[in-house]
Peer 1: 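Can you read through this structure? Questions will come right after.
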Amino acid sequence: MHTKLLIIGSGPAGHTAAIYAARADLKPLMYEGFLALGIAAGGQLTTTDEVENYPGYKMIKGTTLMDEMRAQSEHCGTEIVSQTVGKVDLSQRPFRYWIHPMGDEETLEEETHTADSIIIATGAKARRLDLPGEEKFWGNGVSACAVCDGSLPIFREKPLVVIGGGDSAVEEALYLTKKASKVTVLVRRDVLRASKINARRLSTNPKVEIKYTHQGVEIKGDGGPRGLMKSMVIQNSKTGEKEEIPANGLFYAVGHEPATHLFKGQLKMDEDGYLITTPGTTETDVEGVFAAGDVQDKKYRQAVTSAGSGCMAALEAEKWLAEQEIAADGPEADLGAKKGKPQANGDVPEYRSNPLL
Ligand SMILES: Cc1cc2nc3c(=O)[nH]c(=O)nc-3n(C[C@H](O)[C@H](O)[C@H](O)COP(=O)(O)OP(=O)(O)OC[C@H]3O[C@@H](n4cnc5c(N)ncnc54)[C@H](O)[C@@H]3O)c2cc1C
C-alpha cells in the first residue's frame with residue numbers, strides 16, 4: 001500500500017497532525033498502535049484520569065479527550081489503522097515501512113508499504129520503578145508528572161514525595177511546594193545531579209526535605225479498588241534502615257524513554273534518544289520526515305505543546321509535499337517554490353498554504 005502522508009502514533013501530536021493534514025486533502029494514514037510500548041492507542045493521556053489544563057475543558061477524562069481527538073481525525077478524513085509500525089527504512093524515497101501483526105511486537109508482516117512523507121508522533125514513556133503498591137495507587141497518589149497532576153485536590157496541603165536527583169526532579173519538587181504541606185525528595189546518590197542553581201533553590205526551600213542515599217521501598221494506602229495513597233516506606237541505602245513516612249503522593253522524576261527505537265541509526269537523536277529537529281520546525285535530518293510531540297520534546301512534555309507541534313508537522317509536511325509535486329512537474333512548472341530556491345527576481349518564494357486549513 002502507498003500513502004502520501006504516514007502518521008505514526010496516536011497521541012495529541014499525531015491526532016492534531018492528522019486533523020490538519022486531512023483538512024488539507026492529504027488523505028493521511030495513521031497507525032495508532034496496538035498497545036505499542038505497552039501504551040494504549042491515544043497515548044499517555046489514556047493513563048491518567050483527569051486533565052484540567054487542556055484549553056476548552058475545565059476538566060475532562062484523559063480517555064475521553066483522546067476519544068474525541070480520534071473521532072475528529074476520522075471525521076476530517078484520516079484513515080486510522082489499529083496496528084503498530086515495526087520497522088522503517090528512511091534511506092530511499094518513497095520511504096518504506098512494515099507492520100507488526102496485531103498484538104505481536106516480535107515479528108513483522110511480509111508486505112512492504114511505502115509513504116512519500118512521514119510524521120513521527122510516537123511519544124515517550126515516563127520511567128517507573130515498579131515499586132510494590134505502584135500499580136494499585138497509580139492515578140490515586142502515584143504520578144510521573146507534577147505539572148499535570150500536582151494541582152489535584154488529593155495533593156493540596158498534603159505531604160508528597162519526589163524520587164529523582166536531576167533537574168526535572170528539582171523542578172517537579174519546587175512546583176509541588178506551591179501546593180503541598182511538605183515535599184520529601186529521595187535521592188539515590190549522596191549528591192544531586194541537578195545544576196548548582198537548581199540544587200541551591202531546592203535545598204533552601206523551607207518546605208523541602210532532601211533525603212540523600214534513600215530509595216522508595218513500598219507505597220501504602222487505603223484498601224479497596226479506589227483507595228488513596230497515604231504513606232510510603234523508604235530505606236537508607238547506606239545503613240539499610242527503613243522508615244514509613246506520611247505521603248499522599250509520589251511523583252517519579254526518573255526520566256522518560258522516547259519511543260525512537262525504530263529510527264536508531266536513521267535519524268539524528270540526542271544522548272537520551274529524543275529526535276532532533278531543526279529549531280523552530282518539526283523537520284528531522286531526513287527530508288520529508290517530521291517529528292512532533294514528546295518524541296522530540298524533552299522540555300515541556302504536555303498535551304497542548306504536543307498538539308501544537310503536531311499542527312506544525314502537518315503544515316510543514318503539506319508544504320514539503322507540494323514542493324515535491326512542483327519539482328516533479330519539471331523545470332517549467334517549478335515556479336521556484338522549492339525550499340530556499342531563488343525566483344527570477346532573486347526573492348525566496350513565499351509558500352501559499354492550502355486556504356482551507
Ligand atoms: C500519567 C500522565 C498524566 C499526564 N497528564 C497530563 C495533563 O494533565 N496535561 C497535559 O498537558 N499533559 C499531561 N501528560 C503529558 C501528556 O500526556 C503528553 O505530553 C502527551 O500525551 C504527548 O503526546 P504525544 O502525541 O507526543 O504522544 P503520546 O501521548 O506518548 O502517544 C504516542 C502514541 O503513539 C503510539 N506509538 C508508539 N510507537 C508506535 C508505533 N511504532 N506504531 C504505532 N503507534 C505507536 C503509542 O502507543 C502511543 O499511543 C500526562 C502524562 C502522563 C504519563
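Both ligands and their constituent atoms are indexed starting at 1 by order of listing.
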Peer 1: Do any nitrogen or oxygen atoms of L35 come within less than 3.5 Å of a nitrogen or oxygen of ligand 1?
Peer 2: no
Peer 1: With the threshold set at under 4.0 angstrom, would you say P12 reaches ligand 1 through any of its heavy atoms?
Peer 2: yes
Peer 1: Do any nitrogen or oxygen atoms of A13 come within less than 3.5 Å of a nitrogen or oxygen of ligand 1?
Peer 2: yes
Peer 1: Just checking, any donor-acceptor pair under 3.5 angstrom between side chains of E157 and S181?
Peer 2: no
Peer 1: How does E32 reach ligand 1, by side chain, by backbone, by both or by neither, if only non-hydrogen atoms under 4.0 Å count?
Peer 2: backbone
Peer 1: Are a donor atom and an acceptor atom from the side chains of H2 and D116 found within less than 3.5 Å of each other?
Peer 2: yes
Peer 1: Quick one: does S10 get within less than 4.0 Å of ligand 1, heavy atoms only?
Peer 2: yes
Peer 1: E209 versus K182: any side-chain heavy-atom pair under 4.5 Å?
Peer 2: yes
Peer 1: Apply the test side-chain contact (heavy atoms from CB on, under 4.5 Å) to residues D294 and Y274: give CA-CA distance (whole Å), side-chain angles for both, the deciding distance (0.1 Å), then the verdict.
Peer 2: CA-CA 8 Å; D294 282 13; Y274 286 87; 5.6 Å; no
Peer 1: Among A124, A40, G33, which one puts a heavy atom closest to atom 49 (O) of ligand 1?
Peer 2: A40
Peer 1: Can you check whether V85 has an N/O within less than 3.5 Å of an N/O in ligand 1?
Peer 2: yes
Peer 1: If we only consider heavy atoms of A126, is any one of them less than 4.0 Å away from an atom in ligand 1?
Peer 2: no
